[in-house]
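The basis for the numbers below is simple: all heavy atoms, side chains too, and nothing from hydrogens, waters or symmetry mates. First listed ligand is number 1; within each ligand, the first listed atom is number 1.
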Amino acid sequence: MQFRTRAIHVGHHADPHTGAVVPPIHLASTFVQPGAGEWGPYNYARSGNPTRNAVEEVVASLEGCGPGTDHPEGGALAFASGMAAIHGVTSSLKAGDHVLAGSDLYGGAYRLFHKVMNRAGVEVSLADATDLTAFEKGFRPNTRLVWVESPGNPRMSIVDLAAVAELAHKHGALAACDNTFATPVLTRPLELGLDIVMHSATKYYGGHSDLMGGLLAARDKAVYEDLKFIQNATGGIMDPLSCFLCSRGVKTLELRVREQCRSAQRLAEWLDQHPAIGRVLYAGLPAHPGHAIAKRQMQGGFGAMITFELSAGFEAGKRLCKATRLFQLAVSLGAVESLIEQPASMSHASYDAADRAKHGITDGMIRLSVGLEAYDDLQADLEQAIAAATR
Ligand code: PLP
């Protein structure tokens, strides 16, 4: 079955008791067992629940692991948030291990790596994963995990994922990718040889800004089993209502992402020609340094996130964020409504200022999440806001 069909049917079982086409949301925290020491399919909801299983099944299928895929012994896990999912991966490390992360990195991941994992004795360093020679120099004898984003947040840099996976394996490390921006509609890292893919389900998977969730999908049995063990041991599970909402969001994931990509491509091209706009960072523009890799690696679109700079600079950027009417000023992304934000003061404020500068996150950057509103309305909104901000 094709992606769009699986998104609707995998994990979606009509209720056997009532025939309800939409399965009920299971809120029970515990389940009756057949006998003392005998276990039914579910025992305690932290370890598993039918509503969570449903979303994990469909996510596994879309990411390319679990039953019916090329990696049948892997699987997916649903966490309480994207950060809980990343923490699940980093919890598999031990004191003395090293993480090599790409330098175009979500602020929350930066904070977890530098201000929490260091307390557990895990070392982290950042290197530019778009330059494979420089990136390889970042490996140490104790590197156990490589962590990249593609497109990266907020610079929209594109990483050659297959090449990064090869490097990681050559150096004895697992390769993991935060695929939140690309979604499995455009890029499926497990098919490119990576071991773990992570999503903030709060974004495109949910798609409606009404749930918090995180997802991991692992290719191999041992990695999947370890992450599952960690999830149960640490307890950061996605709650049943969020699981239900996420399963519902998944059904339209491909349609939403394809349409959002179309609008984003047009907006990026329009911004790129706009006299008041400086740089536009979007892999769908031929001048973007990662365009050729993205064309190969992303199927049928370049994502719906755009970063740009106003020629007039930081204060004009702040005014722009206040002047849009349809683009709402908020962090987060990936939902039906369009959002605007300023990474330096919002999504990436948890970086040290010096590290922001070092890794090319300028104060003047503005980030757009392009939603599902009519294209003409979005362009008109930006046009009036740019005029108001640069008057
Ligand atoms: N990864 C990326 C690329 C993100 O943009 C975010 C949140 O903005 C996260 C991870 C963290 O996800 P959550 O907010 O669901 O914890």
Side-chain angles (χ1 to χ4, degrees), residues 55 59 63 76-91 99 101-117 126 129 147-159 161 176-184 186-187 189 194 196-217 231 234 236-239 241-243 245-246 249 257 260 281 283 298 303-307 328-335 337 339-351 359 361 365 367-371:
V55 75
V59 169
E63 298 290 343
L77 298 162
F79 286 79
S81 67
M83 290 317 305
I86 303 177
H87 190 229
V89 178
T90 56
S91 299
V99 180
S103 54
D104 198 8
L105 188 65
Y106 167 59
Y110 175 94
R111 181 173 53 198
L112 172 70
F113 288 161
H114 291 85
K115 299 180 182 172
V116 179
M117 293 317 297
L126 305 188
W147 187 269
V148 291
E149 296 178 16
S150 185
N153 182 3
R155 288 192 286 114
M156 306 298 149
S157 60
I158 300 294
V159 171
L161 293 174
C177 172
D178 179 339
N179 198 36
T180 300
F181 276 28
T183 82
L186 305 176
T187 307
L194 282 87
I196 299 169
V197 60
M198 173 267 153
H199 288 270
S200 167
T202 315
K203 313 300 184 317
Y204 291 97
Y205 258 105
H208 296 76
S209 299
D210 55 8
L211 71 89
M212 290 295 300
L215 298 165
L216 295 179
Q231 184 191 45
T234 56
I237 51 166
M238 197 187 284
D239 72 274
L241 179 59
S242 298
C243 289
L245 289 170
C246 190
V257 168
Q260 286 170 268
L281 305 178
M298 302 178 81
M305 298 297 297
I306 303 172
T307 296
Q328 300 177 76
L329 177 55
V331 292
S332 202
L333 58 113
E337 61 279 331
L339 300 178
I340 186 166
E341 66 113 14
Q342 188 177 44
S345 64
M346 298 175 76
S347 59
H348 290 69
S350 45
Y351 265 68
H359 297 301
I361 304 169
M365 280 178 171
R367 196 189 72 180
L368 300 178
S369 170
V370 179

Note down each nitrogen or oxygen pair, ligand 1 side and protein side, whose separation is under 3.5 Å; give only atom names and the distance to 0.1 Å.
unit_1: ligand 1; atom_1: 1 (N); unit_2: Asp178; atom_2: OD2; d: 2.6
unit_1: ligand 1; atom_1: 5 (O); unit_2: Asn153; atom_2: ND2; d: 3.3
unit_1: ligand 1; atom_1: 8 (O); unit_2: Lys203; atom_2: NZ; d: 2.8
unit_1: ligand 1; atom_1: 12 (O); unit_2: Ser200; atom_2: OG; d: 3.1
unit_1: ligand 1; atom_1: 15 (O); unit_2: Gly82; atom_2: N; d: 2.9
unit_1: ligand 1; atom_1: 15 (O); unit_2: Ser200; atom_2: OG; d: 2.8
unit_1: ligand 1; atom_1: 15 (O); unit_2: Thr202; atom_2: OG1; d: 2.6
unit_1: ligand 1; atom_1: 16 (O); unit_2: Gly82; atom_2: N; d: 3.0
unit_1: ligand 1; atom_1: 16 (O); unit_2: Met83; atom_2: N; d: 2.9

For Val370 versus Gln260, what's the shortest heavy-atom pair and its separation?
O-NE2, 2.9 Å

Do the non-hydrogen side-chain atoms of Ser150 and Thr187 ever get within less than 4.5 Å of each other?
no

Considering only heavy atoms from C-beta outward, does the side chain of Tyr110 approach that of His348 to under 4.5 Å?
no

Heavy-atom check, side chain of Pro151 versus side chain of Met298, under 4.5 Å:
yes

Taking C-beta and beyond as the side chain, do His199 and Pro184 meet within less than 4.5 Å on heavy atoms?
yes

Validation row: Lys203, Thr183 side chains within 4.5 angstrom (heavy atoms)
no

